[in-house]
Amino acid sequence: MATFFGEVVVAPSRAGVDDEESAEEAGEETPEDREIRRELEKKREIDVLWTLKSGASTESCPAEQFACSKFIVAIGHNAAAFLSSFILDSVCWEVVGVVKLWNEWCRTSNTTNVLPTDSFCLFYRLISDPTVLLCQCSCYVAEDQQFQWLEKVFGCMRKKSLQVTILSTCPVADYKTQESTLTLPSPFLKALKTKEFKEQICCPLLEQPNIVRDLPAA
Amino acid sequence: MFVPCDRGGGSASLDFKGFTLLMPAVSVGNVGQLAIDLVISTLNMTKVGYFYTDCLVPMVGNNPYATAEDNSVELSINAEVYSLPSKKLVVLQIRSPFIKNKYRPFCETLLSWVKSSKCARVVVLSSSHAYQRDDEQLLGTPLRYLLTPDLEKAVGGLMQELNWKEMEKVAAYPGINDTEKVLNIPGGGITKLLFTESCLKGIQMAVLLKFCSEGDNIPDAFALVNYLNEWVHLIKSEVNTSSQWKIPSSWRLLFGNGLPPALF
């Protein structure tokens, strides 16, 4: 593709697969490349550490799956701040888990003593009803880590009659609508629900052609 | 990988033995995916399941083929399977790009699913960068086809009758040695990998592709789906075939929102 100034550049394709990737064919990857790739994959692995029994040490997966009736997940700084301001307190909720991960955008640790400006991913349990779980995830979970996050977190739960609520935010500029977003009263709420969810929703459903991405979508 | 939907039809509707699997490659201009949208929307196909895979970027939205309020609230994700038993057609739609390093495992899992579900043949709709055509390819039709040896035996003659052009091979070492030729599909995503693996595994696969560039690829999608229709006859081909394909509601606002009145 020629740009306005006459230089020829390779235009990024919406297809998403770069031709450079085909150079990673088995024959061309040296043992050093393989080793580097393996090390990178290991570095990008997610660790989910739980302290479900008081006094017990953290464990990556409890011996038995624990019962969970309601799981509320807040993804992103705004949603996490909403939970901190309106729901969480040290009287009714206790920390029961933490996610340790690294990617190019952020790193979390396994400390549960976090500042609001840190990147963290913590799990809380309602003391009066231990089957109610809450997750505050203010760190960015990269696309190659999202599936792992899901499998490791949900893998530890008994999912019978589980109701999951996901809270997240998106920029208004990304919202597709016939009018301009400049005139839209914002912020506003939209919802997506599975057909199994039979309760009343407090806001309109997300219209086509809008979509949700990243960890909330996963 | 394949997770069936709970539908009243039961397992009878999930037998794909002898069916044609139609699928897109995520490629330049997303032409294959747009063409598949037209097929699913026009034939009003029923969703029968999805792929549970860690190879594609996650996304979710409401039904992209909604026609009225009552059918607009079904969730839709990045890799879904639709079927039309009356035409022995099963369609896979892919709605997001591959996660880095995951396109190879996806191809392997997909092809083994094709074998285990006993699909008769696979048709891949794809595209390739128009700017990489050579002088000869710049003239004439921008549409090409490829057939694996197993499918060539079955339908090779038909391609001659339709006067279709086979995708040309290019020199492996241009300028140095012009005798060794390889298949090259720049911008085609996983097309080449799927094709070469199918040749090795004895799968009957056809690739239909169009040379195009990024931009408004709706006309390219129509061209590709009409090309497909010449062979597979999904809809009746009358004089003005383009008007018979139904554009899905999700194609609204492809190029942005309405303009703010304050601009003027």
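These numbers come from a predicted model, not from an experiment. All chains are named by letter (A, B, ...) in the order of the sequence lines, taking the proteins before the strands, and each is independently numbered beginning at 1.
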Would you say B/Lys169 has more than 12 foreign heavy atoms packed within less than 6.0 Å of its NZ? no

Take a 6.0 Å sphere around CZ of A/Arg213 and say whether it holds more than 12 heavy atoms from other residues, nucleotides or ligands. no

Apply the test side-chain contact (heavy atoms from CB on, under 4.5 Å) to residues A/Gln146 and B/Ile99: give CA-CA distance (whole Å), side-chain angles for both, the deciding distance (0.1 Å), then the verdict. CA-CA 11 Å; A/Gln146 287 157 13; B/Ile99 290 176; 6.0 Å; no

Less than 3.5 Å apart, which donor and acceptor atoms pair up between the side chains of residues 51-63 of chain B and the rest of the protein, not counting sequence neighbours?
unit_1, atom_1, unit_2, atom_2, d
B/Tyr52, OH, A/Glu151, OE2, 2.6
B/Thr53, OG1, B/Cys55, N, 3.0
B/Asp54, OD2, B/Lys102, NZ, 3.1
B/Asn62, ND2, A/Leu206, O, 2.8
B/Asn63, OD1, B/Tyr65, N, 3.0
B/Asn63, ND2, B/Asn71, O, 2.7

Please check if atom CZ in A/Phe188 has more than 12 non-hydrogen atoms from other residues, nucleotides or ligands closer than 6.0 Å. yes

Can you tell which part of A/Asp144 gets under 4.5 Å to a heavy atom of chain B, answering side chain, backbone, both or neither? both

For a quick test of reading the model, state the closest non-hydrogen atom pair linking A/Lys193 to B/Leu75 and the distance between them. O-CG, 3.3 Å

Donor-acceptor pair, B/Asn257 side chain versus A/Ser180 backbone, under 3.5 Å? no

Give a yes or no on whether the backbone of B/Ser72 and the side-chain of A/Gln208 come within a donor-acceptor separation of less than 3.5 Å. yes

Relative to chain B, which segment of A/Glu179 carries a heavy atom at a distance below 4.5 Å: side chain, backbone, both, or neither? backbone

Do the non-hydrogen side-chain atoms of B/Arg252 and A/Lys176 ever get within less than 4.5 Å of each other? no

With a cut-off of 6.0 Å (strictly less than), are more than 12 heavy atoms of other residues, nucleotides or ligands near CD of B/Glu69? no

Do A/Ile211 and B/Arg95 come close enough that some side-chain heavy atom pair is under 4.5 Å? no

